[in-house]
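One structure is given below, encoded as structure tokens.
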Amino acid sequence: MSSPRKFHAVRGVRDILPPDTSLWNWFEATARDVLETYNFREIRVPVLEETELFARSVGAETDIVSKEMYTFTDRDETAISLRPEATASVVRAYIEHGMQMRPGLVKLYYAGPMFRRERPQKGRYRQFYQIGAEVLGSTDHPAIDAELIEMLTVLLERCKLDNWTLLINSIGDANCRPQYVQKLREALAGVKSQLCGDCQRRSETNPLRVLDCKVEADQVIINRLPQIAENLCEPCREHFAELRRQLDLRSIPYQVTPRLVRGLDYYMRTTFEITSPHLGAQNALAGGGRYDSLPEMLGGPAVKGIGFALGEDRFIEVIQSAGKIDATRPLDAFIVWMGAGAYPAAARLARRLRQQGLCVELPAEEPKLRKALSLAERLGARFAVIIGENEVREGAFAVKRLADAEQRKLAEADVAAFVKTTAPVAPRTGAQASQT
RNA sequence: GUGAGCGUAGCUCAGCGGUAGAGCAUCGGACUGUGGCUCCGAGGGUCGUGGGUUCAAAUCCCAUCGCUCACCCCA
């Protein structure tokens, strides 16, 4: 008789367990806090969309849409996909709900899982988590771009991360980019045979990608190719120059990176990325850019847009390796009761402490004192409260601080205050700690 | 989709032809109202799976699956 087979999480998706979930929750709370101070508000969009939405926005020819989406045919024959990113959904919702009628800029953020069927590796999962922000409205002023980037740097600061790099670029607009790409194609045609195999293929499929080639031998040739910066039309050139001024006035350091080419078709003009050296090959913590023609492409009004997405999995990875955030929630009190007569008092105390916001563990079965203290210690409890027949009779409980074994007798009504004040209720969140 | 490395207890790993091991962790005991230390004991494995070679395979060979990292691409 063979035992039933065990299941495991499907490839590329994973469980996130305590205590890691504490850090995830801390990070999400911190990100929300930062974004909301910049007057962004949350939008919740579905995980499912018509496949066509992604094809039209991200681009049918991109890797994401052409080979990485989880797609199925619904019972009414519509092609449905698990979202590989959320900008398309946000813009769809913006249009669907007539949000251009709202006053001023529409500033939205979202958080949740995305799905791409890629080969998993460090920092890359098939179900991964993004937090993203989008600004939609009638203006495309570079101050918006710069403020969005500033907001990201503030979040990095709150996470106590300083080892990161901001890369920026402009990839032109519908006016100058096609001309540049054409020029690049022509230049590539002449030198194609000297390039690596990947680049020979890219020369045809996605010429901009050649610029991002890492093969050493190709660099000399790549450096002689026409540069996007020198081929921007005047409005794009001015927009990019203003973006740099806007970053300068905010004292945000950046590297202009001509090779920064985003993989999604809807990007134009500003593109940016924040990278970290801790991440291995998948080193982008966040990336984004401007998408001024996307709303129209999706049948909406002629409004401009810009946004970014950050990879939560990667942020968590980097925050952990930096080791400067402690988001764990300690066990404040472990209640040890002895004798059936002590249990009602123990249960009453537990409830009372919890009402005060303290984290309390109350054993269901009568423990041996020695074992109970040992368990309290291994659970990381700050205090043990000992309630036996004696204590019930005296109306005073023994409260023991486990760190230094100091013990005192306190009336039931005084226990909560003592536990709370003796050492502040732990590093609730790094967010609050960093503000003090 | 391509390549490389690795699959032995919950975790970290040893064993590399001769009856499956250690440390850590878990549970119990020494220890009957006071934890951390120490000592003793227990549970937990079809050695990823399938086939082959051999008197004998965790060990050698083949296949397959999985994991990891990298390419590609991206958060």
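This one's a predicted model, so the numbers in the text were calculated from it and none came from an experiment.
A:Tyr94 and A:Glu134 form no side-chain donor-acceptor contact under 3.5 Å, judged by distance and modelled atom types alone.
Here A:Tyr125 lies in heavy-atom contact (under 4.0 Å) with a base. Using a 4.0 Å heavy-atom cutoff across all strands shown, A:Ile131 reaches no nucleic acid atom at all. The residue A:Leu375 sits apart from the nucleic acid: no heavy atom pair falls under 4.0 Å. Among the heavy atoms of the strands lying under 4.0 Å from A:Gly287 are primed sugar atoms or P, OP1, OP2 only; no base atom is included. Looking at heavy-atom distances under 4.0 Å, A:Gly288 makes no contact with the nucleic acid at all.
Where A:Asn390 and A:Lys67 meet RNA chain B, the nucleotide closest to each residue was compared, and A:Asn390 sits on the side nearer the 5' end. Mapping A:Arg370 and A:Gln407 onto RNA chain B via the closest heavy atom, the residue that lands nearer the 5' end is A:Arg370.
Across all strands shown, B:C24 forms a Watson-Crick or G-U wobble pair with B:G10, both key distances being under 3.5 Å.
The side chain of A:Arg124 lies closest to B:C72 when the candidates are B:U34, B:C31, B:C72. Side-chain atoms of A:Gln121 lie closest to B:C69 of the nucleotides B:G35, B:G29, B:C69. When the nucleotides B:G35, B:G33, B:C27 are ranked by their closest atom to the side chain of A:Glu391, B:G33 comes out on top.
Judged by ring centres under 5.5 Å apart and planes tilted less than 30 degrees, A:Tyr129 fails to stack against the six-membered base ring of B:A75.
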